Amino acid sequence: MTTVFPSLHEFNLNNGLSSTREPIRRTLSKMKGMFHDEAAFEAQLANGDSLLYEFYDMGVPDSEKDVAYGTSITYPGKVGDEYHMTKGHFHTVIDTAEVYYCLRGHGYMMMETPEGETKWLEFLPGKAVYVPGRWAHRSINVHPTEPLVTFFAFPGNAGHDYGTIESKGFRKLMVERDGKPTVIDNPRWNG
Ligand SMILES: O=P(O)(O)OC[C@H]1O[C@](O)(CO)[C@@H](O)[C@@H]1O
Ligand SMILES: [Fe+2]
């Protein structure tokens with residue numbers, strides 16, 4: 001049995017970053033095939049492999065008795081008309097849930113089940129989104145200039161299944177229409 005000691009970590013309330021741990025960073029090139037406008041993606045990548053989001057793995061044991069937690073920071077911007085977002089995933093142990101609490105910014109949590117139900121809920125500072133087991137989830141930043149900062153927690157054994165989203169995509173996308181965030185059917189959904 002692993003012995004886990006009580007620990008203390010700091011996450012900055014403004015930028016979401018921790019002074020006590022290194023984040024995992026995902027740049028544009030790690031998101032190939034995720035945005036619906038491939039030409040806009042390639043054009044943007046030619047201008048530099050910019051940082052889209054970063055988040056923390058605090059290294060808690062991968063046991064169902066433990067709680068994985070950390071902050072997730074998605075930077076503002078769009079690829080074509082589609083807002084910056086995380087890759088998104090199901091949990092490998094698919095019926096494990098997750099909770100997110102928004103600390104800064106404006107965004108949405110896009111969710112869907114394998115059966116095809118979809119749901120998106122708004123992130124604003126002070127709002128908590130509960131993602132039940134079986135719902136794939138992706139954070140989306142719709143603010144023009146501010147980072148979307150959330151704090152998340154989920155069972156340590158949940159794991160990340162990226163394969164399903166990488167091959168099928170999400171059924172719904174969040175794009176800008178007439179200057180406003182708008183949900184559309186994913187024209188490239190491959191279910
Ligand atoms: O794993 P993705 O989809 O790249 O997005 C990262 C986010 O998801 C998490 O894995 C939590 O489920 C966090 O580490 C982070 O908030
Ligand atoms: Fe998750």
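Order of appearance sets the numbers: ligands from 1, and atoms from 1 within every ligand. As the structure is a prediction and not an experimental result, all values here were calculated from the model.
By the 4.0 Å heavy-atom criterion, G70 is excluded from the residues contacting ligand 1.
In summary, the side chains of H89 and H137 do present a donor paired with an acceptor at a separation below 3.5 Å, with no hydrogens or angles considered. Side-chain N/O atoms of E10 and S18 include no donor and acceptor closer than 3.5 Å. With no hydrogens or angles considered, no side-chain donor-acceptor pair links Y130 and E98 at under 3.5 Å.
Annotation: atom 8 (O) of ligand 1 to nearest protein heavy atom, H89 CE1, 3.1 Å. Looking at atom 10 (O) of ligand 1, its nearest protein heavy atom turns out to be H160 NE2, 2.5 Å.
Using a cutoff of 4.0 Å between basic side-chain nitrogens and carboxylate oxygens, E117 and R134 are not scored as salt-bridged. The pair K78-E176 meets the salt-bridge criterion, since a charged nitrogen lies less than 4.0 angstrom from a carboxylate oxygen. Salt bridge status for E112 with K119: absent, with no side-chain N to carboxylate O gap under 4.0 Å.
Here the angle at the Fe ion (ligand 2) defined by NE2 in H91 and NE2 in H137 stands at 100°, rounded to 10 degrees.
The F154 neighbourhood of ligand 1 comprises atoms 11 (C), 12 (O), with distances under 4.0 Å to a heavy atom of that residue. Below 4.0 Å from some heavy atom of Y162 lie the following atoms of ligand 1, by number and element: 1 (O), 2 (P), 3 (O), 4 (O). Less than 4.0 angstrom separates some heavy atom of G88 from each of these atoms of ligand 1: 3 (O). Close approach of ligand 1 to Y53 is summarised as follows: ligand atoms under 4.0 Å from at least one heavy atom of the residue are 2 (P), 4 (O), 5 (O), 6 (C). Numbered from 1 in the order shown, with element, the atoms of ligand 1 that lie under 4.0 Å from a heavy atom of E98 read 11 (C), 12 (O).
The shortest N/O to N/O separation between F55 and ligand 1 does not fall below 3.5 Å.
Across F154, F90, F55, a single residue satisfies ring-ring contact (aromatic ring centres under 6.0 Å, His included) together with H160, and that is F154.
Of all the heavy atoms of R26, the ones lying under 4.0 Å from any atom of ligand 1 belong exclusively to the side chain.
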Please assess D81 against R177 for the test salt bridge (charged side-chain N to carboxylate O under 4.0 Å, His left out), listing each intermediate value before the final yes or no.
-> CA-CA 8 Å; D81 59 4; R177 290 281 185 273; 2.8 Å; yes
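Not one N or O on the side chain of H106 forms a donor-acceptor pair closer than 3.5 Å with the backbone of H143.
Between the Fe ion (ligand 2) and the N, O or S atoms of E98, the shortest distance is to OE1. Within H89, the N/O/S atom positioned nearest the Fe ion (ligand 2) carries the name NE2.
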